[in-house]
Amino acid sequence: MKLLVIGGTRFIGRHLVSEAVARGHEVTLFNRGSLPAPDGVAEVTLGDRDHDLEKLAGGSWDAVIDNVAYFPRQVRELVAAVAGRARHYTLVSTVSVYAEQDKAGLNEDSALLELADPSSEELTNESYGGLKVLCERELAASFPGSRLVIRPGLIVGPHDPTDRFTYWPARVAMGGAVLAPVGPEMPLQWIDVRDLATWMLDAAEAGLEGTFNAVSQAGRFTIGELLDASLTASGSGAEVVWAPESFLLEHEVRPFADLPLWIPADGIGFWHTDGSRAIAAGLKVRSVQDTVSATLDWYRSRLDPQLRVGLTREREAQLVDAWRAKMAGHGRVGDSD
């Protein structure tokens with residue numbers, strides 16, 4: 001199969017391209033060349049999709065995989081650039097397209113966000129989901145071939161540029177008292193990038209059509225399992241100190257930033273998105289231990305070990321001491337309220 005991959009060197013694309021090459025596919029990358037291409041890529045066309053799509057003239061592909069469309073114009077222009085020369089188009093979207101982000105059980109037919117100004121190309125946390133909605137609609141309107149829209153949730157695993165998941169196995173590996181939110185039963189939901197990439201490639205090969213939430217089964221994972229797997233993978237002997245939401249908010253601990261993956265109770269529905277359609281279509285979800293071990297191995301191999309999110313060790317120690325002092329005052333050291 002001949003593949004055109006937009007991007008293909010950072011996270012999802014890196015894994016997908018490596019798998020495609022291993023399967024013997026002929027892969028062409030179109031990107032700005034900021035990172036080296038995975039080994040075995042047949043061709044790299046350097047260019048910015050906002051200015052240089054004419055460089056794709058003359059090629060033909062069985063499938064296009066678009067990892068980095070943020071504005072509907074970008075989809076429209078890429079579709080025009082490959083018109084008549086591509087049979088299948090995969091667009092990577094996001095579960096952030098849904099209007100009720102905090103509602104449990106969101107599925108592919110749930111209501112979508114609507115931007116107040118659909119012509120805006122200002123990319124912010126607030127506009128990201130709405131712009132992806134417009135990208136999806138543009139693909140439906142302009143591409144005449146087979147179309148696949150994938151809406152991933154939290155993507156985790158080796159080479160994750162955000163460190164939101166990596167923080168936990170890395171922090172546990174450092175040892176000592178690890179501040180953790182709420183309690184071990186707090187639900188989480190993610191998709192390992194390797195599982196996502198494998199399924200995306202399977203789908204392109206099969207010409208799969210439709211829209212799919214690419215997430216694990218709701219209820220499959222908890223933060224307790226994540227931390228247990230981190231303890232096993234690292235062998236650090238770290239001590240997990242659970243602190244309730246009320247304490248964390250009182251001490252201005254920022255959800256998802258200071259303690260990655262923690263969402264306050266009023267938004268916990270985000271971790272219960274319905275992924276059954278993708279799973280029925282072949283999406284496999286590997287064990288938490290596999291994901292944690294691979295992520296920790298990658299983190300340890302990094303040239304820059306500095307984590308991009310999370311508490312500093314000093315701030316964490318202050319919070320642990322404050323929580324222990326509070327519990328000692330209540331006569332319940334190590335307990336939670």
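- Between Arg85 and Asp62 there is no salt bridge, since no side-chain nitrogen of the basic residue lies less than 4.0 Å from a carboxylate oxygen of the acidic one.
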Checklist line | From CA spacing to verdict: side-chain contact (heavy atoms from CB on, under 4.5 Å), Leu226, Leu188 | finding: CA-CA 9 Å; Leu226 169 57; Leu188 295 175; 4.0 Å; yes
Checklist line | Test side-chain contact (heavy atoms from CB on, under 4.5 Å) applied to Val64 and Thr90, step by step | finding: CA-CA 6 Å; Val64 174; Thr90 297; over 6 Å; no
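- At a threshold of 4.5 Å between non-hydrogen side-chain atoms, the residues Ser18 and Val21 do not count as touching.
- Heavy atoms only, all atoms of each residue included: Pro260 and Gly310 are closest at CD-CA, 4.1 Å.
- Nearest heavy atoms, Trp168 versus Ala180: CH2-CA, 4.1 Å.
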Next item on the list: Would you sort out whether Glu19 and Arg194 count as a salt bridge (Lys or Arg N to Asp or Glu O under 4.0 Å), showing the intermediate values?
Entry: CA-CA 9 Å; Glu19 175 67 15; Arg194 297 166 295 167; over 6 Å; no
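- Under the 6.0 Å distance and 45° angle rule, Arg302 counts as a cation-pi partner of Trp298.
- In this structure a side-chain-to-backbone donor-acceptor pair under 3.5 Å is missing from Glu136 to Val133.
- In this structure, Lys132 contributes its side chain and Val92 its backbone to a donor-acceptor pair below 3.5 Å.
- At least one donor-acceptor pair under 3.5 Å links the side chain of Asp52 to the backbone N or O of Asp48.
- Judged purely by atom type and a 3.5 angstrom limit, Glu316 uses its side chain to pair as donor or acceptor with the backbone of Leu179.
- When atom types are taken as modelled, the side chain of Asp192 and the backbone of Gly157 share no donor-acceptor pair closer than 3.5 angstrom.
- Evaluation of the side-chain contact (heavy atoms from CB on, under 4.5 Å) rule for Ser119 yields Asp117 as partners, not counting sequence neighbours.
- Side-chain atoms of His88 and Leu148, non-hydrogen and from C-beta on, do get closer than 4.5 Å to each other.
- Side-chain contact between Asp266 and Glu245: absent, with no pair of heavy atoms (C-beta onward) separated by less than 4.5 Å.
- Between Trp262 and Phe256, the gap from one ring centroid to the other reaches at least 6.0 Å.
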Item checked: Chi angles and distances behind the side-chain contact (heavy atoms from CB on, under 4.5 Å) call for Val253, Phe247 -> CA-CA 9 Å; Val253 178; Phe247 171 85; 6.0 Å; no
Next item on the list: Dump the intermediate steps for salt bridge (Lys or Arg N to Asp or Glu O under 4.0 Å) on Glu114 and Arg137, then the final yes or no.
Entry: CA-CA 12 Å; Glu114 300 291 343; Arg137 290 175 179 165; 2.7 Å; yes
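- Between the side chain of Lys2 and the backbone N or O of Ser60, at least one donor-acceptor pair lies under 3.5 Å.
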Margin query: Would Asp202 and Arg23 count as a salt bridge (Lys or Arg N to Asp or Glu O under 4.0 Å) here? Give the steps.
Written below: CA-CA 11 Å; Asp202 291 343; Arg23 295 187 190 187; 2.8 Å; yes
Check: Are Glu138 and Arg73 close enough, and set up right, to give a salt bridge (Lys or Arg N to Asp or Glu O under 4.0 Å), and what steps lead you there?
Finding: CA-CA 8 Å; Glu138 183 59 48; Arg73 168 188 54 79; over 6 Å; no
Margin query: Under the criterion side-chain contact (heavy atoms from CB on, under 4.5 Å), I'd like the reasoning laid out for Leu283 against Phe212: C-alpha separation, chi angles, the key distance, then a yes or no.
Written below: CA-CA 10 Å; Leu283 176 64; Phe212 298 84; over 6 Å; no
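- Figure legend: cation-pi geometry between Lys103 and Tyr98 absent, as NZ or CZ is not positioned both under 6.0 Å from the six-membered ring centre and within 45° of its axis.
- Contact annotation: the side chain of Ile150 approaches that of Pro152 to within less than 4.5 Å [non-hydrogen atoms, C-beta and beyond].
- At distances below 3.5 Å, not a single donor-acceptor pair connects side-chain atoms of Glu239 with backbone N or O atoms of Gly176.
- Pairing each heavy atom of Gln74 with each of Arg49, the nearest pair is O-NH2, 3.2 Å.
- Between Gly8 and Asn67, the shortest heavy-atom distance links the atoms N-ND2, 4.3 Å.
- In plain terms, the two heavy atoms of Leu78 and Leu53 that are nearest each other are N-CD1, 3.7 Å.
- Side-chain polar atoms of Ser34 and Arg32 form no donor-acceptor pair below 3.5 angstrom.
- At least one donor-acceptor pair under 3.5 Å links the side chain of Trp323 to the backbone N or O of Trp242.
- When only modelled atom types and interatomic distance are considered, His25 and Glu205 share a side-chain donor-acceptor pair under 3.5 Å.
- Using modelled atom types, one side-chain atom of Gln189 and one backbone atom of Thr273 make a donor-acceptor pair closer than 3.5 Å.
- A side-chain hydrogen bond (donor to acceptor under 3.5 Å, both in side chains) with Arg286 is found for exactly one of Asp195, Thr198, Thr291, namely Asp195.
- A donor-acceptor contact shorter than 3.5 Å links the side chain of Asp66 to the backbone of Val68.
- Thr295 pairs in a side-chain contact (heavy atoms from CB on, under 4.5 Å) with only one of the listed residues (Asp163, Val193, Thr166), which is Thr166.
- Exactly one of Leu3, Val82, Val27 qualifies for a side-chain contact (heavy atoms from CB on, under 4.5 Å) with Trp61. That residue is Val82.
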